[in-house]
Amino acid sequence: MREKIVLIDGHSILNRAYYGVNMGMTNFEGLHTNAVYGFLNILLKIIDEEQPQYMTVAFDVKAPTFRHEMYEAYKGTRKGMPEELHEQVPLTKDVLKAMGIQVAELPGYEADDILGTLSARCEKEGLDVVLVSGDRDMLQLASGRTKIRIPKTKGGTTAVEDYLEKDVKEKLGVTPSEFVDVKALMGDSSDNIPGVPGIGEKTAFALIQKYHSLEAVYADVDNVKPARAQKALAAGREMAELSQTLARIDRECPVEFSLEQARIGKLFTPEAYEIMKRLELRSLLKRFEAGCQTQNSVERAFLFLDDLEGAELAFEKAMGAERIGMQLVAENGELLGLSLAFGEEDIYFLEASDFLTGEYLAGKARQLCLRGRDTWMLDLKEALPYLGIEETEGVYDAGVAGYLLNPLKSAYVYDDLAREYLELTVPSRTDLLGKVSFQSALQDKKESCITCFCYSAYTAMASGEILLTKLRETGMEPLFRNIEMPLIYSLYHMEKEGIQVEKEALRVYGETLRVQIERLEIEIYELSGETFNINSPKQLGVILFEKLKLPYGKKTKTGYSTSADILEKLAPEQPLVAKILEYRQLTKLKSTYADGLAVYIGEDGRIHGKFNQTITATGRISSTEPNLQNIPVRMALGREIRKVFVPKEGCVFVDADYSQIELRILAHMSGDSRLIEAYHQAEDIHRMTASQVFHVPFDEVTPLQRGNAKAVNFGIVYGISAFGLSEGLSITRQEALDYIKQYFETYPGVKVFLDGLVDSGKEKGYVTTLFGRRRPVPELSSSNFMQRNFGERVAMNSPIQGTAADIMKIAMIGVDRRLRRENLRSRLILQIHDELLVEAAEDEAEQVKRILKEEMDGAAELSVPLEVDLNTGYSWFETK
DNA sequence: TTTGTCACG
DNA sequence: ACGTACGTGACAAAC
């Protein structure tokens, strides 16, 4: 058995940990600890899996490296990190020192070079090497003996990708050392390696796969095809050679290293224990306490109950508890059981049975919610049909709280919450039950069910107080209490209500489409001279750009782009292309809308879609199964589909939408006096913008000027860039730049505001809405140009889009409450970001309009008025 | 499962 | 030099 060393890229793993784990995490001193925590978790996981005898962690040192001397534009992989991450670097080194793990640093060299050198030396010593980094550059170090491990955080969970030399070959198609030359050709903006201008990823890989080295490529440069690449190579030879040196990791740097000092001794030392205590990393504490034990003690308390007597006792005790956690287990409208937690020793799963009926359990659960103390749940909205409660003080959803604290996660399930907020690693639902139904899991693996449901209730209970504290610390408690929690009930009401859809009319619409699609299909085959799958971008690309030799505009990484904006440029000349565009439109309508919606029509003739509260990064809600927020409206034929969405007998639709809410929010948040003044004066915001920016009287604004101003307004809200605007308006980048300049000269306050968002985003790591909602923007500290630019646009857009979402949520809660409290039969049934649709009793329509206007207008007090447009109709088509 | 495309705000 | 407007979800094809 060979001995093994684990080498860790310290900064890269810390960085990954920082953005992977809950950002608000601090100890009582206010020290941020999330990155240290994530780092240690990864470290311990690797030690568990690899069982190495040696370990070293390499860090960069702030000093110019040889790469800086060679290439002045080189910025290196070290860049500004947020303060909250930066302060955790020395903390991490302290922990490592306490654990007796060797730290390697060398001024003038990056961690990459240290790792490259150590891996080379260790291989020579006959050791197996495991190299852990978040950086794919490391792949050039892979060999038969050196395995590269790249942890990936996806949503909440960390998966590790492993690469030995053969894996690099398999997945990239080049050897590790060839990979350096690929980078030399294509460059790497995240490392500021320039590459050869004009050579992209595809060409770089193809060339190296053929020639195996940069030198060989240049030896045969006169025969390289295509000509485009040959020209680029010839012109960029110096760059390529420079890039090759920059990209190659130094494997002989003069770093001090002794294998003996790298030997792993006792990791869980008293000193390390003290630091864990100080950092309040509880789950790690346990591990440091018990040596290497990972057994979670709470699990011992889990208790299964299916007798009435036991259940009564548990419920009685729970009724007196200050704080409980609860998880209903339901499927297909039937309550199969519930779990309950109200202390470290009181955690139960009660399964429904002949003695303990679903109705009984539901009734008890309801009483618990209404007992006037705190009840924490997960997926409260899904439990509401069984609980039968309306908005209740003290009933909270831990998932929604987790979403506010970090909206970038892909799910808010108990195991993630336990890991983040309780520092407790517990098995996930999939670990325990797989993907089977609850029904069959309850039959086949009762023990796993008990564990799963009890952990869920326990996590909800135990994390509740912590979540609330964090919400308080981050200024989001009012947002949670006054907006997100009440909203759960409004969304539930909308889902329950649903919207009526005329099934037969939908079928006829689909049938009409089918006939037209078949006709088009024949015409397309005739014009192209063969039959093929028109829906396949790959096949279509071959027909258009190879067989017919049409000029292709863009390429995607897998082939030619056949997207609408490309095809539209060809369509005027090419009847075939025009027909393909039409075909696309019709098949989209048929598959997604005509056929797609039909399957969701319930027995009541209505579609009950889901409204999701914890999906978007900005605070918007999303709509699924089906998506009712993207029903066609812009094109005439698509818009027809709205005719099948109708109010029920005796009702009429009342539709209300905010007019230009995001621009009004921009005016308010920026405080730009000219913009505010403009919105007080005019209804037509784009015309007003055109008038002020282009210095023409309001009444003399041409449609073209208005259109340009509109595009600029869009650009501002999306986080302006000259490129984006030039694309949107089909103008040159210089012209776009001039528009932007003129806009900012007209509204200097907007420029100050947007710059301020980016600055504060960089400083804090997140941006906020008017109501305190946060969005972390990790991209802002990226060394990758493109990612950082994206981060800057996000920093500008999120506060605006998010504030609009906040305001709409306030309005929805207000409308829903008033319809109910004023005992109306009318109901809110849809939200489409800036629009609300109410199914109103005909005799209540006027009152409903008043309510919508009042609640939407009054949802926020801005320095510009919030305008609301109202429409009524006997189908969703008519309400425009 | 990922990619390309396209529907909406 | 790089190459993109912000936020979503569903479908078909290709992997």
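For the residue pair A/V794 and A/V777, the shortest heavy atom distance occurs at CG1-CG1, 3.9 Å. Between A/A795 and A/L780 the shortest heavy-atom distance is CB-CD1, 4.2 Å. Among all heavy-atom pairs drawn from A/V864 and A/A667, the shortest one is CG1-CB, 4.1 Å. Closest non-hydrogen pair, A/A571 versus A/L581, comes out as CB-CD1, 3.9 Å. Of all heavy-atom pairs spanning A/P776 and A/N406, the tightest one is CG-OD1, 3.7 Å. Taking each heavy atom of A/A594 and A/Y509 in turn, the nearest pair found is CB-CD2, 4.1 Å.
In this model, the phosphate group of C/dC2 is not approached by any side-chain N or O of A/N784 to a distance below 4.0 Å at OP1 or OP2. Between A/S623 and B/dC8 there is no side-chain polar atom (N or O) within less than 4.0 angstrom of OP1 or OP2. Note on A/K538: every side-chain N or O is 4.0 Å or more away from OP1 and OP2 of B/dT3. Taking only side-chain nitrogens and oxygens, A/S721 never comes nearer than 4.0 Å to OP1 or OP2 of C/dA5. Between A/S561 and B/dT5 there is a side-chain polar atom (N or O) within less than 4.0 angstrom of OP1 or OP2. Taking side-chain N and O atoms only, A/R793 has a distance below 4.0 Å to OP1 or OP2 of C/dC6.
Map A/E625 and A/R775 each onto its nearest nucleotide of DNA chain C; the residue landing nearer the 5' end is A/R775.
Of the listed nucleotides (C/dC11, B/dA7, B/dG9), B/dG9 has the atom at the smallest distance from the side chain of A/R620. Proximity note for A/N627 (side chain, C-beta onward) versus C/dC2, B/dC8, C/dA10: the nearest is C/dA10. Listed nucleotides: B/dG9, C/dG7, C/dA12. Nearest to the side chain of A/S591: C/dA12. When the nucleotides C/dG9, C/dC11, B/dG9 are ranked by their closest atom to the side chain of A/I615, C/dG9 comes out on top. When distances run from any side-chain atom of A/T556 to the nucleotides C/dA14, C/dA5, B/dT5, the shortest one goes to B/dT5. The side chain of A/I832 lies closest to B/dG9 when the candidates are C/dA13, B/dG9, B/dC8. Of the candidates C/dG9, C/dG3, C/dA5, the closest approach to any side-chain atom of A/I720 belongs to C/dA5. Residue A/N789 places its side chain closer to C/dG3 than to any other of C/dG7, C/dG3, C/dA5. The side chain of A/T624 has C/dA10 as its nearest neighbour among C/dT8, C/dA10, B/dG9. Taking every side-chain heavy atom of A/T558 into account, B/dG4 is the closest of C/dG9, B/dG4, C/dC11.
C/dA1 is unpaired under the Watson-Crick or G-U wobble criterion, no partner having all donor-acceptor distances under 3.5 Å.
A donor-acceptor contact under 3.5 angstrom links the side-chain atoms of A/N630 to the base of B/dA7. Remark: the A/R584 side chain and the B/dT5 base include no donor-acceptor N/O pair separated by less than 3.5 Å.
For DNA chain C, no neighbouring residue in residues 635-644 of chain A is found when judged by any heavy atom under 4.0 Å. Proximity of residues 798-810 of chain A to DNA chain C (heavy atom under 4.0 angstrom from any strand atom) is restricted to A/Q801.
Using cut-offs of 30° and 60° on the angle between ring planes, the pair A/F545 and A/Y552 is perpendicular.
Side chains of A/E735 and A/T732: a donor on one and an acceptor on the other come within 3.5 Å. With no hydrogens or angles considered, no side-chain donor-acceptor pair links A/E867 and A/Y679 at under 3.5 Å.
Rounded to whole angstrom, the span from the CD atom of A/Q585 across to the P atom of B/dC6 amounts to 10 Å. Atom CZ in A/F611 sits roughly 12 Å away from atom P in C/dG9 (whole-Å rounding). Between the CG atom of A/N533 and the P atom of B/dT3 there is a distance of 20 Å, given to the nearest Å. Spacing between atom OH of A/Y560 and atom P of C/dA13 amounts to 21 Å, rounded to whole angstrom units. Residue A/D834 contributes atom CG, which lies 14 Å from atom C1' of C/dC6 at whole-angstrom precision. The nearest whole Å value for the distance from the CG atom in A/L540 to the C1' atom in B/dT3 is 15 Å. Atoms CZ (A/F723) and P (C/dC6) sit 11 Å apart, rounded to a whole Å.
Screening A/Q734, A/K741, A/Q742 for a side chain to side chain donor-acceptor pair (under 3.5 Å) involving A/D738 leaves a single residue, A/Q734.
Distance check on atom P: B/dT3 versus C/dT4 gives 15 Å, rounded to whole Å. C/dG3 sits 27 Å from B/dA7 when the P atoms are compared, rounded to a whole Å.
Ring to ring, A/Y747 and A/Y743 are close: their centroids are under 6.0 angstrom apart.
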